[in-house]
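Convention: sequence-line order gives letters A, B, ...; per-chain numbering from 1. What you see is a predicted model; the values in this text were computed from it and never measured.
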Amino acid sequence: MDGGGGGGGVGEELTAQETALYDRQIRVWGVDAQRRLSKSHVLVSGMTGSTVEFCKNIVLAGVGSLTLMDDRPVTENAIQANFLIPPDETKWEEGSIAKLCCDSLKEFNPMVYVSVEKGKGENALQSFKLCLRNQTERSDPSSFEEEFFDKFDAVVVSCCSLATKKEINNKCRRRPKRIAFYTVDCRGSCGEIFADLQNYAYVQEVIALPWRNLPRKVAKLYFAMRVIENFEESAGRKPGEISHSDLPNVLALQKQVCEAQSFNDSFIPASLLERLLMAGTEEYPPVCAILGGILGQEVIKGLSGKGDPFKNFFFFDTTDGKGVIEDITPATPPN
Amino acid sequence: MASERQMRAPKGAKVLMVGAGGIGCELLKTLALSGFDDIHVIDMDTIEVSNLNRQFLFRQSHVGQSKAKVARDAVLRFRPHINITSYHANVKDTKFNVDFFKQFKVVLNGLDNLDARRHVNRLCLAAEVPLIESGTTGFLGQVTVHVKGKTECYECQPKPTPKTYPVCTITSTPSKFVHCIVWAKELLFAKLFGNKDQDNDLNVRSTNSDSSVQPIEDVFERKSDEDCEQYVRKIYDHVFGYNIEVALANEETWKNRNKPRPIHIKDVLPQKLCEQNGNLEDRRVDSSMVSAMSSLGLKNPQEIWSLRDNTRVFLESLMLFIDKREKDVGNLVFDKDDQLAVEFVTAAANIRASSFGIPLHSLFEAKGMAGNIVHAVATTNAIIAGLIVIEAIKVLQNDSCNYRMTYCVEHPLRKMLLMPVEPFEPNKSCYVCSETPLLLEVDIHKSRLKDFVEKIVKRKLGMNCPLIMHGSNLIYEEGDDLEDDIAANYASNVEKLLAELPSPITSGTMLTVEDLQQELSCNINVKHREDFDEEKEPDRMVLSGWSPTSSKKDVEVTTNGGSTAPEATSNDKHANDIEVARAESGDSVGNKRKLSEISVQTPPQANDGITSKEMPAEVLENDDEDDVVMLDGGWQIGKKKKLT
């Protein structure tokens, strides 16, 4: 454990306080990994049940800093799977979801710097009032200059449109430094994580892959999530702004997409699409815990350089209880 | 799904959580978010600093307070309208009896020791309440469902027993660093600071020494006029020099082994500490948190000290004990949270390792081994808690064909990080959930009733408050409310040899052993046997019928730290380890495609030999994607069938 070695820019020793607090996890990933973690900066956009779980995990683990973005005001619906915000309506007026989550997360670990980033161009109050008027609208970092992302080592987005995901992913990609990009979404009792550590494919490349070329037995949830995402985009819906009544249209879209891809549409069970539609914006808390846990581990692996991050999708479905990794990348990776 | 049914099932269902630690904090949060509104939680522990990196309901300001109580208050902050009842108590307390357990729809375990797990398993069986059991180590974890009559109980499969080492490996022929740790902690530390009346094997030789070594004066006794540093240097020479020389005299032992090197204080540290380091007087400035590291200016617990530094720490820590902890000496038991004890054990183990040519280790690593510290991260606990809630809701919905045990693994197996497996049927030869008699081989003319009670009934069978019957004769019983004359009768019985009891035990006798609290009763057939292997069967008793037949219990590796039921016998944190159980698919032969290997390993940081566990198993690849994974291969109990 002599200093100087392969650590690469992780000089200083941990303090006695850090050693005592992180004792049990240092036994899992080592001191060097802990040092690298404590020098890393993470951005989370969209405070959902899954990202709240994720934030808890990396704050406890001792990441350097965590920046939260979510200008929406607190509503009952917005905190159904959120344990950071008490159901006290008088408190809800004190700030956005991100602000209230931030206040709570700060207490988890005084050694981690937790802050809130507001939407672009607005001062805090304006942005907040704007959101109050238009409850579901929320700013995300997709409109920020590329340089904004240089502050971070990992960016996690949740509950935003496919277009926004692509935009943020591309901005991270274009920076000279490596900025890992993740998405996490829970729809009812199903969940999905995507990871781009910039050594394989972008969201947009992955999404564009012809389905019939994918490995046999790719999780059905992959296709179902793409159909739903597609539907939301084409119908101009916000993420989760869907219901069972959309089923006929979704089935029609599924047929159309499958035909275009020469893909057997019976592979995507209608019952699965139905479940995703019925879930709407609901998140099943046990699934949030699982997604936040898996994502937490992946981000810690990525930031600390300890362990092998998975490539590049994770799926969980309560119905079969499997947590599956899928490698969905172009046959010949770019560059 | 996601569904109203799932969200509705928890409403009004009274559930019991045992343990409010790593898994417990996550579980209580996820239960509350998932709609559970009547949760009872038992934990006897108080909060420690090393909990705070993962037990997120606790803060620095809560250190020292009841986990169950603080966890309850924290969860009520975000779900104020639900009922949470906390008990700062040991789950083995008699007030948590079968009637107490009967009020719950399901019991959820988030425990850290085998002893308490076995106890809860028995109460759940007696009360006929389903149990969901869980455990994590590093990135590994598992959740299992136990429903009486439907799935196997927690004890249907033998559990990994605490790691033990043969006496002579520890006293004479260590080959791994952990052997040196056990020697330093169980023998040397116990000899110097523990109860003087305890047996101690510190001077046991590997073979009968017919050499002319006669018991010398007790070097461990400090003479009244002896200077403190003089005394500790004498101890050093005795244990690292003289004892090794004596061992070397026995040529036979070293024929196929590397000879150890005696280490004498004059070669390592010719000068006294106080002569070479003026600052040392500083330590006499009183402090309750005495530490040899700080008085010697050693800062980094990750650093591997030289033999010289280890020697300095050894001497200094021993002197600090004598000087500053005088009142503790004589009744100390090694505690991983006792800094000075960890320093002493690290230094002693390293000096011994040096003597035997074994690589030295840092204090951080030595502490992990000596304390059997379980590697723990928040993420795994969160995932496992999520899986527990999913199973709990199935139990409430009585959805028994969808019960799953789930393994959380570090590297994907068949693309899976979370791997569900169908639960197994109860093991028909399980002495806990079936009524299968056990077989005890014992020398009835040499073993006393006391040995049977302590080593078999309590340690092996995990009974808390036993009662023993021979036919209709009650020969032994424990409890607070015994009449004096009866208690006196039992007290005289326990000292008797089995063959000399008022109703003598002979070969062929059947004994009935009961624990009224656990509502567990089992029959034991006795078979007389005279020859036992001293090394492998030191108890001179062999219990079979359910557990592994080879049990080497020589030097026990005891652990410390909080647990929900600390007992002399609860010395395993290994119960947290993953067992990727192996089972046989009951029906399918045709769809067997490919055999691969599962290998569950502990994280790379795992300490040598302490928790690393590799369990090969064969995976049955299944054609139909929606099938659960079935693992193949027989456990020693024989074939198990899938639950259908």
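In this structure, chain B has no heavy atom under 4.5 Å from any part of K91(A). Contacts between A376(B) and chain A at a heavy-atom distance below 4.5 Å involve backbone atoms as well as side-chain atoms. Only the backbone of A81(A) comes within contact range of chain B, with at least one heavy atom under 4.5 Å from a heavy atom of that chain. Using a 4.5 Å cut-off between heavy atoms, F314(A) contacts chain B through its side chain alone, with no backbone atom that close. Residue I58(A) does not touch chain B at all, counting heavy-atom pairs closer than 4.5 Å. Contact annotation for E326(A): only side-chain heavy atoms (C-beta onward) come within less than 4.5 Å of a heavy atom of chain B. Contact of E26(B) with chain A is made through the side chain alone, with heavy-atom distances under 4.5 Å.
Rounded to the nearest 0.5 angstrom, D88(A) CG and R77(B) CZ are separated by 11.5 Å. We find the OH-CG distance between Y284(A) and L33(B) to be 11.5 Å, quoted to the nearest 0.5 Å. Between the CE atom of M416(B) and the CZ atom of F315(A) there is a distance of 14.5 Å, given to the nearest 0.5 Å. With rounding to the nearest 0.5 angstrom, the CD1 atom of I383(B) is 7.5 Å from the CD1 atom of I290(A). If you take CD1 on I26(A) and NE2 on H375(B), they are separated by 12.0 Å, rounding to the nearest 0.5 Å. Summarising the geometry, atom CG belonging to L28(B) is positioned 12.0 Å from atom CZ belonging to F83(A); distances are rounded to the nearest 0.5 Å.
Formation of a donor-acceptor pair under 3.5 Å by the R27(A) side chain with backbone atoms of F364(B) is found in this model. In this structure, the side chain of R59(B) engages the main chain of E107(A) through a donor-acceptor pair within 3.5 Å.
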key: Full working for side chain to side chain contact (heavy atoms under 4.5 Å, CB included) between R54(B) and R24(A)   = CA-CA 9 Å; R54(B) 60 195 188 287; R24(A) 297 301 185 272; 3.5 Å; yes

- Message: Apply side chain to side chain contact (heavy atoms under 4.5 Å, CB included) to residues F108(A) and N53(B) and explain how you reach the verdict.
- Response: CA-CA 9 Å; F108(A) 284 25; N53(B) 80 319; over 6 Å; no

Note to self: side chain to side chain contact (heavy atoms under 4.5 Å, CB included), that's the test. Do K322(A) and R404(B) meet it? Break it down for me.
What the structure shows: CA-CA 10 Å; K322(A) 288 181 190 172; R404(B) 293 289 179 270; over 6 Å; no

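Between L417(B) and I325(A) the shortest heavy-atom distance is CD1-CD1, 3.5 Å. Looking at every heavy atom in both residues, A378(B) comes nearest to L60(A) through CB-CD1, 3.9 Å. The shortest heavy-atom contact between P286(A) and S34(B) is CD-OG, 3.4 Å. Minimum interatomic distance between A382(B) and N57(A) (heavy atoms only, all atoms of both residues): CB-OD1, 4.3 Å. Residues F78(B) and I85(A) share a closest heavy-atom pair of CB-O, 4.3 Å.
Your options are V324(A), D23(A), L21(A), and the one with the most heavy-atom pairs under 4.5 Å with chain B is L21(A). Looking only at heavy-atom pairs under 4.5 Å with chain A, the residue among L387(B), N402(B), N51(B), T406(B) that has the most is L387(B). Options L291(A), I294(A), D308(A), V287(A) differ in how many heavy-atom pairs under 4.5 Å they form with chain B, and the most are formed by I294(A). Of the listed residues (V377(B), N381(B), I384(B)), the greatest number of heavy-atom pairs within a distance under 4.5 Å of chain A belongs to V377(B). Among G296(A), P285(A), P86(A), the residue making the largest number of heavy-atom pairs under 4.5 Å with chain B is P285(A). Contact count versus chain B (heavy atoms, under 4.5 Å) is highest, among K56(A), Q80(A), E274(A), for K56(A).
For the residue pair Q302(B) / T19(A), no side-chain donor-acceptor distance below 3.5 Å is found, with atom types taken as modelled.
Under the 4.5 Å side-chain criterion, counting only non-hydrogen atoms from C-beta, K29(B) is in contact with E53(A).
By the side-chain hydrogen bond (donor to acceptor under 3.5 Å, both in side chains) test, T15(A) is found to be paired with E18(A), residues two or more places apart in sequence or in another chain being considered. Here R72(B) pairs with L76(B), I84(B), S86(B) under the side chain to side chain contact (heavy atoms under 4.5 Å, CB included) rule; sequence neighbours left out.
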